[in-house]
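Read the structure below first, then the notes.
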Amino acid sequence: MIDTSKSKSDEQQKAEIIIGDRVEEYLACPLKRNERVVLSEGVHIVPDLYSEKDRIVGEIFAHIGFLKVGQKHKISQDILKMLLLEQTKGVKYRKLLVIVDDKIEEYLKGKSFIAESIRQFDIEIKRIDISDENYEKIMNAQRRQVMVNETDC
């Protein structure tokens with residue numbers, strides 16, 4: 001049996017709180033965290049950062065290092081979530097992908113369909129510097145994590 005307790009990302013979740021606070025400082029406005037946003041009957045999203053008043057939606061990606069396929073899919077899903085919000089609400093939002101690592105920033109600004117989507121759909125990449133201590137905690141969590149393939153229904 002696989003020990004899935006090793007895949008818990010408490011460190012990443014704690015880092016996301018700090019990162020979210022830094023984004024609020026950067027934008028100089030409060031943002032709701034993990035707010036349930038209804039798009040249509042029975043359909044909702046839960047963005048990491050959200051302000052209806054200021055028309056801001058953001059997703060935090062607290063990962064360090066090169067991306068695996070599943071992590072690239074998560075970023076793609078985050079982008080799709082933000083675009084769907086704009087489409088269903090019929091208004092333009094400031095869309096943010098918040099990251100902590102320069103390798104991921106290079107990938108998101110590089111030559112891939114994800115990077116081109118970011119450019120074409122006016123998504124802002126904001127890299128937040130974190131403390132060495134938080135950096136190490138995230139790295140340790142990533143080393144411990146066990147990737148488990150799940151079947152989507």
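Counting from 1, the numbers follow the sequence of the chain as shown.
In D132, the CG atom is not crowded: 12 or fewer heavy atoms of neighbouring residues, nucleotides or ligands sit closer than 6.0 Å. Counting non-hydrogen atoms of other residues, nucleotides and ligands closer than 6.0 Å to NZ of K32 gives a total of 12 or fewer.
Hydrophobic clustering (side-chain heavy atoms under 4.5 Å, transitive across Ile, Leu, Val, Met, Phe, Trp, Tyr) groups V57 together with L84. Linking Ile, Leu, Val, Met, Phe, Trp and Tyr residues whenever their side-chain heavy atoms come within less than 4.5 Å places F121 and L97 in a single cluster. In the hydrophobic clustering of ILVMFWY residues, with side-chain heavy atoms under 4.5 Å counting as a link, V98 and I130 come out together. Residues Y26 and L49 fall within the same hydrophobic cluster, defined by Ile, Leu, Val, Met, Phe, Trp and Tyr side chains chained together at heavy-atom separations under 4.5 Å.
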Exercise. Quick one: do V43 and S40 satisfy side chain to side chain contact (heavy atoms under 4.5 Å, CB included)? Show the steps, please.
Key: CA-CA 5 Å; V43 178; S40 63; 3.4 Å; yes
Self-check item: Worked verdict on E86 versus K92 for side chain to side chain contact (heavy atoms under 4.5 Å, CB included)
Solution: CA-CA 6 Å; E86 275 190 333; K92 182 128 174 91; 3.6 Å; yes
Exercise. Might you work through the side chain to side chain contact (heavy atoms under 4.5 Å, CB included) test for I104 and I64, ending with a clear yes or no?
Key: CA-CA 7 Å; I104 294 173; I64 297 168; over 6 Å; no
Practice problem: Show your reasoning for whether side chain to side chain contact (heavy atoms under 4.5 Å, CB included) applies to I128 and V23. | Solution: CA-CA 8 Å; I128 299 290; V23 173; 4.1 Å; yes
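The side-chain heavy atoms of I75 and L67, taken from C-beta on, include a pair separated by under 4.5 Å. Proximity of R127 to D129: side-chain heavy atoms (C-beta onward) are separated by under 4.5 Å at one or more points. Side-chain contact between F61 and D101: absent, with no pair of heavy atoms (C-beta onward) separated by less than 4.5 Å. A 4.5 Å side-chain heavy-atom check between M82 and Y93 finds every atom pair outside the cut-off. Proximity of V46 to E35: side-chain heavy atoms (C-beta onward) are nowhere separated by under 4.5 Å. Using a 4.5 Å heavy-atom cutoff, the side chains of R33 and E24 are in contact. The side-chain heavy atoms of V37 and P47, taken from C-beta on, include a pair separated by under 4.5 Å. In this structure, the side chains of I19 and V100 come closer than 4.5 Å at one or more pairs of heavy atoms.
Once rounded to the nearest 0.5 Å, the distance linking CD1 of I60 with CG of D48 reads 5.0 Å. Rounded to the nearest 0.5 Å, atoms CZ (R22) and CG (L27) are 14.0 Å apart. Once rounded to the nearest 0.5 Å, the distance linking CG of L31 with CG of D54 reads 7.5 Å. To the nearest 0.5 angstrom, I125 atom CD1 is 4.5 Å from L108 atom CG. Rounded to the nearest 0.5 Å, atoms CD1 (I99) and CD (E106) are 9.5 Å apart. Between the CD atom of Q87 and the CG atom of L83 there is a distance of 9.0 Å, given to the nearest 0.5 Å.
The nearest pair of heavy atoms linking I56 to C29 is CD1-SG, 3.6 Å. P30 and S51 get closest at one heavy-atom pair: O-CB, 4.0 Å. Of all the heavy atoms in K72 and Y107, the pair that sits closest is CD-OH, 3.4 Å. Here the closest heavy-atom approach between residue V91 and residue R55 is recorded as CG2-NE, 3.4 Å.
Exactly one residue among R119, K95, R94 makes a salt bridge (charged side-chain N to carboxylate O under 4.0 Å, His left out) with E124. That residue is R94.
Between the side chains of E59 and Y50, no donor N or O sits under 3.5 Å from an acceptor N or O.
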